[in-house]
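What follows is a set of notes on a single structure, which appears directly below.
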Protein chains: 2
Amino acid sequence: MPQTAPTRTAQSCPQCPIRHSAVCSLCGPSELAELDAIKTYQTFQAGDVIAWAGEPQTIVGSVVSGVATLSRTLADGRRQMVGLLLPSDFIGRSRTQVAPYDVTAATEVTLCTFRKRAFDEMLDRTMHIERRLLQMTLDELDAAREWMLLLGRKTAREKIASLLVIVARRDAALHRREVGNGVSFRLPLTREAMADYLGLTIETVSRQISALRKAGVVEMHGTRDVTIPDFGRLLDESGDDADGGIVS
Amino acid sequence: MPQTAPTRTAQSCPQCPIRHSAVCSLCGPSELAELDAIKTYQTFQAGDVIAWAGEPQTIVGSVVSGVATLSRTLADGRRQMVGLLLPSDFIGRSRTQVAPYDVTAATEVTLCTFRKRAFDEMLDRTMHIERRLLQMTLDELDAAREWMLLLGRKTAREKIASLLVIVARRDAALHRREVGNGVSFRLPLTREAMADYLGLTIETVSRQISALRKAGVVEMHGTRDVTIPDFGRLLDESGDDADGGIVS
DNA sequence: CGTTCTCTTGACTCATCTCAAATCTGGTGG
DNA sequence: CCACCAGATTTGAGATGAGTCAAGAGAACG
């Protein structure tokens with residue numbers, strides 16, 4: 001694994017793309033200035049490991065752009081992704097030393113990182129960061145539980161369809177569009193990453209994508225670009241409650 | 001489902017069994033008095049539904065004794081447990097209206113519930129409750145992710161062994177003992193609840209327990225009481241990193 | 001244009017599920 | 001105290017979805 005050193009750059013908070021959804025989103029101007037003083041931007045290449053499970057925690061900060069993954073590995077090499085980190089998501093734990101997960105860049109990833117000590121001290125002084133961190137952690141917990149339902153009870157085909165729904169929705173949200181018939185997007189994950197995400201093997205992922213393609217549920221252009229001609233059809237395939245169930 | 005009305009009782013905070021681990025554990029005497037004023041104890045019978053997914057949220061509070069479960073159900077009835085609520089765990093979400101999960105009493109459960117409005121106001125005024133809630137939510141997130149690894153990558157036999165390890169550890173912690181060879185405990189879950197927890201069918205749960213019994217890994221006395229003659233052996237069967245990996 | 005990696009497809013195996021029946025357990029009323 | 005019942009659990013036999021192993025087809029890259 002060719003671990004390249006992260007690139008460091010600078011950028012100011014007010015025009016930050018994640019200003020209104022990241023851990024700093026409840027902060028006022030003075031708190032923002034404090035954060036500004038302790039932050040550094042770092043960019044990682046796709047495939048780079050940002051943090052190893054069990055190693056002392058060196059990084060806390062937000063994903064500014066790109067996709068990173070959290071994963072755990074069993075002694076014999078079986079691997080399960082347990083989190084997907086998208087722009088504005090927070091990496092690392094305040095007030096603890098070791099992360100129990102591998103953090104890996106799935107695409108090129110830029111992070112806004114904070115000096116850990118200074119960040120922890122700010123947490124103690126202000127309640128805005130901590131409050132936002134709680135909201136975000138609760139959202140992560142909901143996502144993790146939705147994911148548990150997928151892992152425990154869905155078929156391979158439903159898992160693939162569910163993943164496509166998630167990526168389509170996120171992509172639409174990022175571009176401030178509605179998901180609808182004919183949406184196109186690029187998969188930010190390799191087949192292997194998809195398999196790790198869904199608790200499947202690469203071969204099964206590949207077969208189920210082919211099956212959905214043959215059934216006309218998705219159209220593939222090359223191996224990463226997807227078009228969904230009928231989004232409702234994809235939703236049906238995902239196995240989720242058809243009538244929306246809990247609208248979120 | 002014979003839904004009995006919960007029993008209401010009273011108890012004072014200082015001698016509360018979960019005083020030092022619940023959401024109130026960082027609170028000082030004055031905050032504790034405030035909480036005391038807005039709390040009510042409620043007891044539910046095994047099998048009672050404490051909250052339905054999608055219904056307006058009526059309860060926020062802590063589990064004082066007993067075991068409750070969080071679960072989600074797919075349109076066609078497939079069911080996955082997504083959380084196990086033990087004494088001191090917090091039920092409900094502040095500042096939101098609907099819970100996305102069914103909350104069910106697995107055993108007789110006593111809750112220390114708070115008036116929602118008053119509780120939310122307290123959250124805004126003090127930081128101790130919110131801080132503790134963040135710690136607890138992070139712990140829940142870690143547990144959820146560990147669980148995802150189990151659901152996505154472990155075999156049925158490993159899943160059963162893992163569950164037994166978890167229950168044995170929790171039971172030992174509750175009685176302030178070490179887990180060791182010869183530990184005994186009672187399973188707080190039916191076979192069906194175990195199946196929902198592990199993403200299996202009850203038949204597979206039953207078969208794997210029988211297999212572990214025949215292999216001498218566990219001894220069963222009746223259907224709920226378990227003895228583990230060799231805890232290390234059970235750990236091996238759980239598939240987790242043998243050398244402890246991340247010691248937590 | 002090879003080389004190398006990723007992805008797809010095929011053939012076969014096996015773990016887990018499904019359907020069905022037998023057995024056990026705890027509770028109830030006689 | 002015992003017989004009986006309903007629900008929970010165990011066990012069996014067969015079906016099947018996903019994994020494994022192996023090979024071939026595409027893409028990406030120098």
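Chain identifiers are assigned alphabetically (A, B, ...) following the order of the sequence lines, protein sequences preceding nucleic acid strands; residue numbering begins at 1 within each chain.
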[X] [atom1] - [N] [atom2] separation (whole Å):
X	N	atom1	atom2	value
A:Arg224	C:dC5	CZ	P	17 Å
B:Asp196	C:dC17	CG	P	12 Å
B:Ile160	D:dT10	CD1	P	10 Å
A:Gln208	C:dT8	CD	C1'	13 Å
B:Leu198	C:dA15	CG	C1'	16 Å
A:Met194	C:dT8	CE	C1'	14 Å
B:Arg153	C:dA15	CZ	C1'	15 Å
B:Met220	D:dT11	CE	C1'	16 Å

What nucleic acid atoms does B:Ile209 come within less than 4.0 Å of, heavy atoms only: base, sugar-phosphate, or nothing?
->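 Counting heavy atoms under 4.0 Å across all strands, no contact is made by B:Ile209.
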Between [X] and [Y] (side chain of the first, backbone of the second, donor and acceptor by atom type, cut-off under 3.5 Å), is there such a pair?
X	Y	result
B:Arg93	B:Gln57	no
B:Ser238	B:Leu235	yes
B:Thr113	B:Gly61	no
A:Arg153	B:Leu200	yes

Base of [N], side chain of [X] - is there a donor-acceptor contact under 3.5 Å?
X	N	value
A:Arg191	C:dT9	no
B:Arg207	D:dG12	yes
A:Glu203	C:dC7	no

Does [X] place a side-chain N or O at less than 4.0 Å from the phosphate oxygens OP1/OP2 of [N]?
X	N	result
A:Thr204	D:dG19	yes
A:Thr223	C:dT6	no
A:Ser210	C:dT9	yes
A:Thr201	D:dG19	yes

Which sits closer to the 5' end of DNA chain C, B:Ala156 or A:Arg213, going by the nucleotide each is nearest to?
->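 Per heavy-atom nearest nucleotide, the more 5' residue is A:Arg213.
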Is it true that the side chains of A:Ser71 and A:Arg79 contain a donor and an acceptor less than 3.5 Å apart?
->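 A donor-acceptor contact under 3.5 Å links the two side chains.
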